[in-house]
Participant: 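Just passing along the structure, written as structure tokens.
If you read the sequence from its start, that first residue is 1, and numbering goes on from there.
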Amino acid sequence: MRALLLLCSCLLLAACAGAPLNPPRNKPAVAEPVVREPQSLASETVVALSFSGGGLRAAAFAYGVLEGLREQPSAGGHSLLDDVGFITSVSGGSLTAAYFGLHGPEGLKAFREKVLLRDGEAGLRFSLLNPTNLMRLFAGGLNDRSNLNDWLERDVFQGATFADLFRRQRPVVWINSSNAQYRLAFPFHERAFDAICSDLASFPVSEAVAASMAVPLFFAPVVLEKFPEACRKPLPPSRPRAERDDQHRLRLALLRALKDFRDPQSGRYLKLVDGGVTDNLGLVSILQSRVLLDTPYGPISEHDAATARRLLFIVVDAGQGPTGDWGREVAGPSGMDIAAAAVDTAIESTMRMSYAYFVPMVRAWERDIVTWRCSLPEERKAALRAWSPDWRCEDVKFAVTQISFADLPEAEEAALNGIPTRLKLPAVQIDALIAAGRMAVQRDPGILRFSAAQQRGE
């Protein structure tokens with residue numbers, strides 16, 4: 001009875017709490033926004049990456065993969081790390097993606113000491129025995145910006161905004177969160193902010209990473225404000241289709257969300273939570289962009305589609321495999337274990353489906369670009385051949401490969417699966433994850449083939 005009274009009191013207190021835990025920090029769209037620096041030289045070779053969620057476990061494994069790519073040669077005396085042109089990331093993987101996007105290959109060397117070995121849990125609330133914590137839980141989440149994002153902004157990203165990301169030509173980084181109301185991925189890129197009539201360049205990188213990592217209940221949602229009165233760009237046109245296709249329901253959901261973004265009557269705020277809720281690999285946002293843009297080449301630019309020759313997409317999965325020994329006895333598992341396993345099951349099954357759909361989507365993407373390039377006007381083709389004498393419209397090849405703990409020896413896989421999803425890990429586990437990422441790159445046939453082909457100029 002005492003526990004029930006305490007719970008009811010906390011609910012009443014939460015209901016009376018009017019102030020939001022994470023007031024929005026985004027600003028309205030401006031007339032002349034800071035834009036991404038255009039690439040001075042077109043690149044025929046692009047390495048794209050997706051970094052999964054999983055706390056520091058995912059961040060360290062992704063860092064090891066990047067260091068492994070530094071050791072793989074490419075054309076012209078470069079490494080595959082120099083060819084990285086695009087990263088899509090979720091949750092813990094967003095730590096590595098955003099840091100690399102801000103600091104590049106050379107700045108990446110400090111990531112272990114400055115980020116991975118820091119205690120990201122020092123200011124977090126964990127206890128549910130504290131009535132104040134229960135009140136915060138029912139108000140939206142145990143922790144808010146004062147716990148997580150202050151660490152990200154002060155210690156990790158040190159006040160950087162997306163304008164700082166835009167100053168680097170490569171890589172383009174998509175940090176993914178989940179729009180909790182519309183059940184869609186919300187990537188932090190220019191088109192998404194154009195849809196809510198907001199200025200991405202002034203937005204803090206730490207806030208985007210916090211949204212990507214905002215595990216429901218443990219963290220309060222990150223809030224964005226919509227500014228329909230500041231709209232400067234029209235929504236992408238919706239092309240009616242005579243027949244339904246396999247993307248019909250997704251297209252309807254996206255168009256409904258876009259319509260509501262510009263409608264003041266639907267409310268002014270978006271509530272964003274962990275990107276892993278929609279897809280823990282960060283691939284769904286690419287599919288959503290393909291559907292919304294409805295072009296042969298989107299979401300890459302027309303210029304890149306015309307000049308690209310080879311693309312390798314590396315999916316980096318730091319998710320844990322099956323754990324526990326439930327099958328050893330009739331009793332158990334506990335309710336908490338079942339609840340945690342149910343969440344893990346939903347995330348893992350979604351990841352499998354997103355990757356299974358992503359591979360044929362990339363093949364179709366390649367075919368669409370070839371068809372588009374071969375239909376270009378002859379004068380455009382002549383200009384491309386003048387830029388590169390070897391240019392051929394059909395000479396486009398996209399490949400996909402996946403890296404995970406399962407690619408490593410069984411004993412190492414088991415040890416890595418035992419590392420928890422935390423924001424504080426001992427150095428020995430951090431170093432094991434980094435070494436595992438390097439080894440996974442060295443053992444992956446798709447990466448090795450791509451590296452060898454680049455050295456041969458193929």
Participant: My understanding is that only residues two or more places apart in sequence, or in another chain, count here; which of them pass side chain to side chain contact (heavy atoms under 4.5 Å, CB included) with A110?
Facilitator: Y99, K114

Participant: Quick one: does R168's side chain have a donor or acceptor within less than 3.5 Å of a partner on H103's backbone?
Facilitator: yes

Participant: Roughly how far apart are E207 CD and F157 CZ, rounded to 0.5 Å?
Facilitator: 12.0 Å

Participant: Treating S289 as the side-chain partner and S285 as the backbone partner, does any N or O pair qualify as donor plus acceptor under 3.5 Å?
Facilitator: yes

Participant: Side chains of L66 and L49: does their closest heavy-atom pair fall under 4.5 Å?
Facilitator: yes

Participant: Of all heavy-atom pairs between V173 and G101, which one has the smallest distance, and what is that distance?
Facilitator: CG2-CA, 3.9 Å

Participant: Taking the side chain as every heavy atom from C-beta outward, state whether V35 and F166 have any pair of such atoms under 4.5 Å apart.
Facilitator: no

Participant: Going by the salt bridge (Lys or Arg N to Asp or Glu O under 4.0 Å) test, name the single residue among R268, K271, R25 that passes it with E225.
Facilitator: R268

Participant: Could you give me the CA-CA distance, side-chain angles and deciding distance for I434 and I430, then say whether side chain to side chain contact (heavy atoms under 4.5 Å, CB included) is met?
Facilitator: CA-CA 6 Å; I434 295 171; I430 291 292; 3.8 Å; yes

Participant: Taking S354 for the side chain and V284 for the main chain, is one N or O donor matched with an acceptor at less than 3.5 Å?
Facilitator: no

Participant: Distance check, rounded to the nearest 0.5 Å: R118 atom CZ versus L425 atom CG?
Facilitator: 15.5 Å

Participant: Go through the steps to decide whether Q288 and L250 satisfy the test side chain to side chain contact (heavy atoms under 4.5 Å, CB included), and finish with yes or no.
Facilitator: CA-CA 8 Å; Q288 289 182 185; L250 174 59; 4.2 Å; yes

Participant: Is it the case that the side chain of N26 and the backbone of S198 share a donor-acceptor pair, with hydrogens and angles ignored and the cut-off at 3.5 Å?
Facilitator: no

Participant: Flag the pair R112 and D431 as a salt bridge only when some basic side-chain nitrogen lies within less than 4.0 angstrom of an acidic carboxylate oxygen.
Facilitator: yes

Participant: What's the shortest heavy-atom distance between A208 and I175, and which atoms?
Facilitator: O-CG2, 3.6 Å

Participant: Pairs in or reaching into residues 185-214: which pass ring-ring contact (aromatic ring centres under 6.0 Å, His included), with residues at least two apart or in two chains?
Facilitator: W174-H189, F186-F188, F188-F193, F188-F203, F193-F203

Participant: Checking D164 side chain against T161 main chain: does a donor-acceptor pair fall under 3.5 Å?
Facilitator: yes

Participant: What is the distance from atom CG of N179 to atom CG of D260, rounded to the nearest 0.5 Å?
Facilitator: 10.0 Å

Participant: Taking all heavy atoms of D274 and all of P216, pick out the closest pair and write down the distance.
Facilitator: CB-CD, 4.3 Å

Participant: One pair to check against side chain to side chain donor-acceptor pair (under 3.5 Å): N280 and S91. What are the steps and the verdict?
Facilitator: CA-CA 8 Å; N280 206 39; S91 199; 5.5 Å; no

Participant: Show the numbers, then the answer: is there a side chain to side chain contact (heavy atoms under 4.5 Å, CB included) between L124 and F219?
Facilitator: CA-CA 9 Å; L124 296 183; F219 294 112; 3.7 Å; yes

Participant: Checking side chain to side chain donor-acceptor pair (under 3.5 Å) for the pair T45/D83: CA distance, chi angles, key distance, verdict?
Facilitator: CA-CA 7 Å; T45 302; D83 292 332; 5.4 Å; no

Participant: In this structure, are over 12 heavy atoms from other groups packed under 6.0 Å from E113 atom CD?
Facilitator: yes

Participant: Can you see which heavy atom on P204 is nearest to which on F162, and at what distance?
Facilitator: O-CE1, 4.1 Å

Participant: Could you list the residues that satisfy ring-ring contact (aromatic ring centres under 6.0 Å, His included) with F398, not counting sequence neighbours?
Facilitator: W365

Participant: Is any side-chain heavy atom of T421 less than 4.5 Å from a side-chain heavy atom of R57?
Facilitator: yes

Participant: Any donor-acceptor pair under 3.5 Å linking the side chain of T96 with the backbone of A59?
Facilitator: yes

Participant: If I compare all heavy atoms of G282 with all of T88, which pair ends up nearest, and what's the gap?
Facilitator: O-OG1, 2.7 Å

Participant: Nearest 0.5 Å, what's the CD1-CG distance between I196 and L224?
Facilitator: 5.0 Å

Participant: Less than 4.0 angstrom from a charged side-chain N to a carboxylate O is my criterion; do R191 and D194 meet it?
Facilitator: no

Participant: Say whether, by atom type as modelled, one donor and one acceptor occur between the side chain of K226 and the main chain of G267 under 3.5 angstrom.
Facilitator: yes

Participant: Quick check: do F450 and V47 have side-chain heavy atoms less than 4.5 Å from each other?
Facilitator: yes

Participant: Checking L311 against E366 for the side chain to side chain contact (heavy atoms under 4.5 Å, CB included) test, could you report, in this order, the C-alpha distance in whole Å, the side-chain angles of both residues, the deciding distance, and whether it holds?
Facilitator: CA-CA 10 Å; L311 180 142; E366 175 192 304; over 6 Å; no

Participant: Using side-chain heavy atoms (C-beta onward) and a distance below 4.5 Å, is S52 in contact with V90?
Facilitator: no

Participant: Quick check for you: to the nearest 0.5 Å, what is the distance between Y63 atom OH and R438 atom CZ?
Facilitator: 6.5 Å

Participant: Please name all residues satisfying side chain to side chain contact (heavy atoms under 4.5 Å, CB included) with A257, sequence neighbours left out, ordered by chain then number.
Facilitator: Y182, L184, F261

Participant: If we only count heavy atoms from C-beta on, is the F227 to D199 side-chain gap below 4.5 Å?
Facilitator: no

Participant: Donor-acceptor pair, S178 side chain versus T278 backbone, under 3.5 Å?
Facilitator: yes

Participant: For the pair T401 (side chain) and I314 (backbone), establish whether a donor and an acceptor sit closer than 3.5 Å, ignoring hydrogens and angles.
Facilitator: no

Participant: Considering only heavy atoms from C-beta outward, does the side chain of V441 approach that of E71 to under 4.5 Å?
Facilitator: no

Participant: Give a yes or no on this: more than 12 heavy atoms of other residues, nucleotides or ligands lie within 6.0 Å of atom CZ of R256.
Facilitator: no

Participant: Sequence neighbours excluded, which residues qualify as side chain to side chain contact (heavy atoms under 4.5 Å, CB included) partners of E106?
Facilitator: R70, K109

Participant: Is the backbone of V315 close enough, under 3.5 Å, to the side chain of Q402 for a donor and an acceptor to pair up by distance?
Facilitator: no

Participant: Check I87 against P171 and note the closest heavy-atom contact, atom names and distance.
Facilitator: CD1-CG, 4.1 Å

Participant: Is there side-chain contact between D368 and R290, with heavy atoms separated by less than 4.5 Å?
Facilitator: yes

Participant: Return the CD to CG distance between Q429 and L56, rounded to the nearest 0.5 Å.
Facilitator: 10.5 Å

Participant: Among all residues two or more places apart in sequence or in another chain, which pass the side chain to side chain contact (heavy atoms under 4.5 Å, CB included) test with E413?
Facilitator: F405, A406, N417

